[in-house]
Amino acid sequence: MPIDPQNTLLTVQAGLAQLSTLIVSYSFSTIGAIILLVVGYIVAKLAERSVAAGLGHIHGFDATLRHFFSKIVRYAVLILVVVMVLGQFGVQTASIIAAIGAIGLAIGLALQGTLQNIAAGIMLLALRPFRIGESVEVGAIAGSVEEIGLFATKLRTADGVYILAPNSTLWNQPVRNFTRNGVRRTDITLGIGSWNDIDGAQKTLLAIAGAEKRIRRVPGPIAFVAGLGDTTVSLTLRYWTAAADYFATQIDMTKRAKQAFDSERISIPLPPPEAPPPEARKQ
């Protein structure tokens, strides 16, 4: 069958016309998409800076939380821009949003424990039950706080051991903060023989407490009888110091109390001798 040159030419012209129409259409879509991407990127950066600056004006708002929320705003704007760009090319945005929701749900279920740590980290940073440098005890975890992150908190124990504790563990238990109030009370209890002068022993304890500059004068130190035994009297020296001086003062005051009792001839009773074993008693 012979080919009609005229029909072939018409077909080619029609194809070229459709191709040029598509090129023009997609050219405008591509240009619009590029403009959207550039504008969206700029808007995302401006939104991130605005949120960071706004939260920065809130007194006491944690820098980690400020960075976290500003990043969330930026990525939310970028995701919206990507959806709008895909809509420029005729993609159904409703299906994209549904797919993003399904992916987010799947990721949330897979990272449930991690998301719990993030939520706990946000609460720890917002409510601040402890800050960096404070000494805390949470359940079986005790130490000085070195870093509070969104996932975990770093602590250092008194003997120099590194601890990385998940935030959910710290958030779900009562927190004992030994530093927050700034002052701590200390009780030093010593036993003396019941034949000693109790009033004199109390005055001795108050004298060494009064000579210590780290002990606060308000409230002042007190000494009192804490317990009675068959041949012993338990005396307690109670005083307040700055939280940072707690351990050092306790060590020094215990030593000075013993030295003062020795110089004043206030005897500390020795424990009763152990009973001999049954074999020795039979002999």
Side-chain angles (χ1 to χ4, degrees), residues 51-52 54-73 75 104-105 107-190 212 214-216 218-219 221-222 226-227 234 236-255:
V51 171
L55 295 177
H57 292 303
I58 301 176
H59 178 70
F61 200 87
D62 191 84
T64 304
L65 277 181
R66 185 169 69 246
H67 179 75
F68 177 73
F69 285 127
S70 61
K71 286 295 183 183
I72 285 181
V73 171
Y75 291 132
L105 179 61
I107 293 175
L109 293 175
L111 302 177
Q112 186 175 3
T114 303
L115 294 178
Q116 287 179 353
N117 287 326
I118 294 176
I122 293 174
M123 297 303 296
L124 290 174
L125 292 169
L127 298 181
R128 292 175 175 267
F130 48 78
R131 295 183 175 91
I132 295 175
E134 293 183 335
S135 179
V136 299
E137 178 180 291
V138 186
I141 302 172
S144 177
V145 180
E146 292 192 333
E147 180 182 336
I148 305 172
L150 284 176
F151 298 94
T153 298
K154 298 178 183 179
L155 302 97
R156 181 182 295 272
T157 64
D159 53 351
V161 178
Y162 170 86
I163 296 178
L164 182 65
N167 286 334
S168 58
T169 302
L170 301 178
W171 176 249
N172 291 327
Q173 299 186 70
V175 177
R176 297 183 65 194
N177 193 322
F178 301 107
T179 312
R180 177 62 56 87
N181 291 334
V183 295
R184 290 189 64 180
R185 193 192 76 188
T186 307
D187 288 355
I188 297 177
T189 301
L190 297 173
E212 175 55 58
R214 291 172 292 184
I215 293 179
R216 292 178 172 264
V218 180
I222 60 173
S234 296
T236 295
L237 173 64
R238 175 173 293 174
Y239 59 86
W240 291 81
T241 63
D245 298 329
Y246 174 81
F247 290 107
T249 308
Q250 183 184 47
I251 293 171
D252 292 341
M253 292 301 296
T254 302
K255 178 181 178 181

**Q** Donor-acceptor check, side chain of Asp187 to backbone of Arg238, threshold 3.5 angstrom: yes or no?
**A** no
**Q** Where is the tightest heavy-atom contact between Ala226 and Thr236, given as atom of each residue plus distance?
**A** CB-OG1, 3.1 Å
**Q** Say you draw a straight line from CZ of Phe151 to CD1 of Ile118; how long is it, rounded to the nearest 0.5 Å?
**A** 4.0 Å
**Q** Could you pull out all donor-acceptor pairs under 3.5 Å where a side-chain atom in residues 131-140 meets a protein atom, sequence neighbours excluded?
**A**
| residue | atom | partner | partner atom | Å |
| --- | --- | --- | --- | --- |
| Glu134 | OE1 | Arg131 | N | 2.8 |
| Glu134 | OE1 | Asn177 | ND2 | 2.7 |
| Glu134 | OE1 | Arg180 | NH2 | 3.0 |
| Glu134 | OE2 | Arg180 | NE | 2.9 |
| Glu137 | OE2 | Arg176 | NH1 | 3.3 |

**Q** Would you say Asn167's side chain and Gly149's backbone share a donor-acceptor pair under 3.5 angstrom?
**A** yes
**Q** What are the two closest heavy atoms between Arg184 and Phe178, and how far apart are they?
**A** CD-O, 3.4 Å
**Q** When rounded to the nearest 0.5 angstrom, what distance separates CG in Asp245 from CD1 in Ile215?
**A** 10.0 Å
**Q** Any heavy-atom pair between the side chains of Trp171 and Leu127 that's under 4.5 Å?
**A** yes
**Q** What closest approach, in Å, do Asn117 and Pro166 show between heavy atoms, and which atom pair accounts for it?
**A** OD1-CB, 3.7 Å
**Q** Once rounded to the nearest 0.5 Å, what's the spacing between atom CG of Leu170 and atom CD1 of Ile148?
**A** 9.0 Å
**Q** Write down the atom of Thr249, the atom of Glu212, and the distance for their closest heavy-atom approach.
**A** CG2-CG, 4.4 Å
**Q** Start with the C-alpha distance between Leu124 and Phe130, add both sets of side-chain angles, then the distance that settles side-chain contact (heavy atoms from CB on, under 4.5 Å), and finish with yes or no.
**A** CA-CA 8 Å; Leu124 290 174; Phe130 48 78; 4.1 Å; yes
**Q** May I ask you to test the Tyr239-Met253 pair for a side-chain heavy-atom distance under 4.5 Å?
**A** yes
**Q** For Ala165, does its backbone N or O pair with a side-chain atom of Thr169 as donor and acceptor, under 3.5 Å?
**A** no
**Q** Under 4.5 Å between any side-chain heavy atoms of Ile141 and Leu155, yes or no?
**A** yes
**Q** At what distance, to the nearest 0.5 angstrom, does CD of Glu146 lie from CG of Leu164?
**A** 11.0 Å
**Q** Look at Lys154 together with Glu147 and state whether they make a salt bridge at an N to O cut-off of under 4.0 Å.
**A** yes
**Q** So, taking the atom named CG in Asp252 and the one named CZ in Phe247, what distance separates them when rounded to the nearest 0.5 Å?
**A** 13.5 Å
